Protein chains: 2
Amino acid sequence: MRKSFSSRVTLAQVADRAGVSTMTASYTFSRPERVSAASREKVLAAARALGYGGPDPSARSLRRGSAGALGVILGEHLTYAFDDPQARAFLAGVADVCAEQGHAMTILPVVDAGADVARVRAAAVDGYILWTTEDGAPVLDAAIATHRPVVVHGGPAAAGARLVGIDNRAAARAIGQVVFAGATLPAVVSFPLTSARRAQVVAGPDPHGVTFPVTRERLLGLQDAARDVGARWSEVLVAVCSTNDAREGHTMTADLMSRTPRPDALATMSDELASGAVAALDAVGLRMPRDVALTGWDDAEVAHRLGITTVAQSMREQGAACARQILTGTTSDFSDRWQIIRRGSSN
Amino acid sequence: MRKSFSSRVTLAQVADRAGVSTMTASYTFSRPERVSAASREKVLAAARALGYGGPDPSARSLRRGSAGALGVILGEHLTYAFDDPQARAFLAGVADVCAEQGHAMTILPVVDAGADVARVRAAAVDGYILWTTEDGAPVLDAAIATHRPVVVHGGPAAAGARLVGIDNRAAARAIGQVVFAGATLPAVVSFPLTSARRAQVVAGPDPHGVTFPVTRERLLGLQDAARDVGARWSEVLVAVCSTNDAREGHTMTADLMSRTPRPDALATMSDELASGAVAALDAVGLRMPRDVALTGWDDAEVAHRLGITTVAQSMREQGAACARQILTGTTSDFSDRWQIIRRGSSN
DNA sequence: CTGTTAGCGCATTCAA
DNA sequence: TTGAATGCGCTAACAG
């Protein structure tokens, strides 16, 4: 009995028509070299005659025990996720490995708490990659509960999931030491601290209250660095941006620069934010690094163009690493390399 | 017999342990309202005890006859596809509808001719959306051959696939009439004409030689417009960019502006290209629209910021329309609205 | 509300 | 090189 809606042609029908067994027909599509040229021809002719659309992927997945796809869970709506060049580079790395391994890449954007978990559970994928998200994200638990391999990029760490990323705390400490060196009043331009995404300037916030793991680690590292150069964390102003874009960086830096005493060193959490900060400094006639030292993060194009000291890391390589972890069954965390690139924005 | 590699727990095992039939267990997960609270509890407890990961998506897909995912075929590598803001808006539209309908979105980037076709065939999806591609793209034929619904955005049109987009020729003619009005020597800054993507300036190219359907239609419309204002197409210079970015727009426009006689009207195929063109005009001290009239396409943020006359269309809406076509089984083409937005760059 | 039956379409296993 | 049997894990359809 065929599905009425699509009058789907099956392998068995093709085999019948070709006068061979179902297995010969199956082999013709899956392992053609195991079939004689004569049989192959008969099967292909029958397939053509019947309009056979090829082996059904779901049936094949069930039988083979592999879905042939890898799930990528984005912590936010596509519009925001794809606007982040780092996220795009990461996805490109995932896509590279998927293509190389003959897998598809299934995107699971997060939209609303309840339905998201259901979609994660229901996705026909061989494993999940989570793009950096918040502590306690329900989709992470849902992914782990499927017993399929899970890799988290950036964080949060979780039992049952491996972690891929860089040592954000160490990198933040290192770049903090560079940018804060010789400064009187260090400051930070930060990503959001919690999913409330409130833009605000706060003095010496407790990093442990930050629910985004990557941001938390970076803040911890910058706190370390402030200590290293003899600054008091409680006096360090942290301008929290609501989103990672140049405009926010501009606005929040302008706020920072209007304060008295004025900060003279600015560690920002991305080159995007840094580029906005540069514009804000320009606007009030402050020079880098003479008046204010500045650093970014990511080594994006814009950092090169504007001469911003930054932390270089390869998101593309990290994306590829995540995909390989799942497709090759690695079972350990992976910490990627990073490097400080010194340019004119700092000493 | 359980799969050894994962010692997968099945619904039947859960049912056994709970002391109910498999169907009661199945209903507990798929249609919980059809099961008494008592049974539901027993089943959930058994599931917990056994570490059941939830119904297997592939098995469910096979049984239900639907993969629960929608395939999006990108004509190029992710790196390029995602760098295009229009492509991203389109994908966001697709994602919106997928989420709303409880479907996943499976991305199939094109990488190498042979393997791509295989991956398209093997993808467990309920239908395909093709992001604008070239005439005769093998992946389009492969998608159609699966007998699953196929929607092409932009083009090429194909038997067995529906088309979604705007009337590019009509829109191009309309904006061409605006920008070419009163010009002595109209010119065009174009997308690539073929997949060779050669950057070059050519006079009055034959649009029929263009293998990218969207570009072809726009060139045809601009040809119409040139005729409408009494210009000779054979004298219209077309600067063909190799990619859709501001830098290329800048370079090619600079080339155009160095010619004698110098064009005094510039129809560009995107706001990205237009923004580069604006920079090129600035660089040589030419004013818009006095010295050179200029138009873009898409009504992106940058067009608003730079005051560029443009063609407004909603890629997001078109992405959503593509997804709806597949998920709701519409069987007709869909032509979206467009509109000329007049700003200071033209008269 | 619960259970029985009967496959969905394919590929692994083993025998011929 | 080919074929027969079997069941991957689940759920529609129908009885009870």
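Chain A is the first sequence line, chain B the second, and so forth, proteins listed ahead of strands; every chain is numbered from 1. All values derive from a computational prediction rather than experimental measurement. Below, each value reflects all heavy atoms present in this structure, side chains not excepted, and no hydrogens, waters or symmetry copies.
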Report task. Could you tell me whether the side chain of B:Asp126 and the main chain of B:Leu70 form a donor-acceptor pair under 3.5 Å? Result -> no
From CZ of A:Arg64 across to P of D:dG9 the rounded distance in Å is 16 Å
Compile the donor-acceptor pairs under 3.5 Å between side chains in residues 37-51 of chain A and protein atoms, sequence neighbours left out, one pair per line.
residue : atom : partner : partner atom : Å
A:Ser39 : OG   : A:Ser36 : OG           : 3.0
A:Arg40 : NH1  : A:Pro32 : O            : 2.8
A:Arg40 : NH1  : A:Val35 : O            : 3.3

Is it true that B:Glu317 and B:Arg324 make a salt bridge, defined as a side-chain N closer than 4.0 Å to a carboxylate O? yes
Considering only heavy side-chain atoms of B:Val35, the closest of C:dT2, D:dA12, C:dT12 is C:dT2
Atom CZ of B:Arg148 and atom P of C:dG9 are separated, to the nearest Å, by 13 Å
Whole-Å distance, A:Arg34 CZ to D:dT2 P, equals 11 Å
Taken to the nearest whole Å, CZ/A:Arg63 to C1'/C:dC10 is 7 Å
Check: Taking only side-chain nitrogens and oxygens of B:Tyr52, does any of them come within less than 4.0 Å of OP1 or OP2 of D:dG9?
Finding: no
Between CG of B:Asp16 and P of D:dC10 the distance, given in whole Å, is 13 Å
Tabulate below the donor-acceptor pairs under 3.5 Å that side-chain atoms of residues 139-146 of chain B make, not counting sequence neighbours, or state none.
residue  : atom : partner  : partner atom : Å
B:Thr146 : OG1  : B:Ala143 : O            : 2.6
B:Thr146 : OG1  : B:Arg148 : N            : 3.2

So the ring-ring contact (aromatic ring centres under 6.0 Å, His included) pairs with at least one residue in residues 110-146 of chain B (sequence neighbours excluded) are B:Phe90-B:Trp131, B:Trp131-B:His153
Within residues 19-33 of chain B, the residues having a heavy atom closer than 4.0 Å to DNA chain C are B:Val20, B:Ser21, B:Met23, B:Thr24
Sequence neighbours excluded, the answer for salt bridge (Lys or Arg N to Asp or Glu O under 4.0 Å) partners of B:Arg34 is none
Salt bridge (Lys or Arg N to Asp or Glu O under 4.0 Å) pairs touching residues 52-61 of chain A, sequence neighbours excluded, are A:Arg8-A:Asp56
Residue pairs meeting ring-ring contact (aromatic ring centres under 6.0 Å, His included), one or both in residues 37-60 of chain B, sequence neighbours left out, come to B:Phe29-B:Tyr52
B:Leu62 CG to D:dG7 C1', in whole Å, measures 12 Å
A:Asp56 atom CG is separated from C:dG9 atom C1', nearest whole Å, by 6 Å
Just checking B:Arg60: base, sugar-phosphate only, or nothing, at a heavy-atom cut-off of under 4.0 Å? sugar-phosphate
Rounded to whole Å, CD of A:Gln13 lies from C1' of C:dG9 at a distance of 10 Å
Applying side chain to side chain donor-acceptor pair (under 3.5 Å) to A:Thr79 and not counting sequence neighbours gives A:His77, B:Arg316
Contact check, residues 37-48 of chain A vs DNA chain C, heavy-atom distance under 4.0 Å, returns none
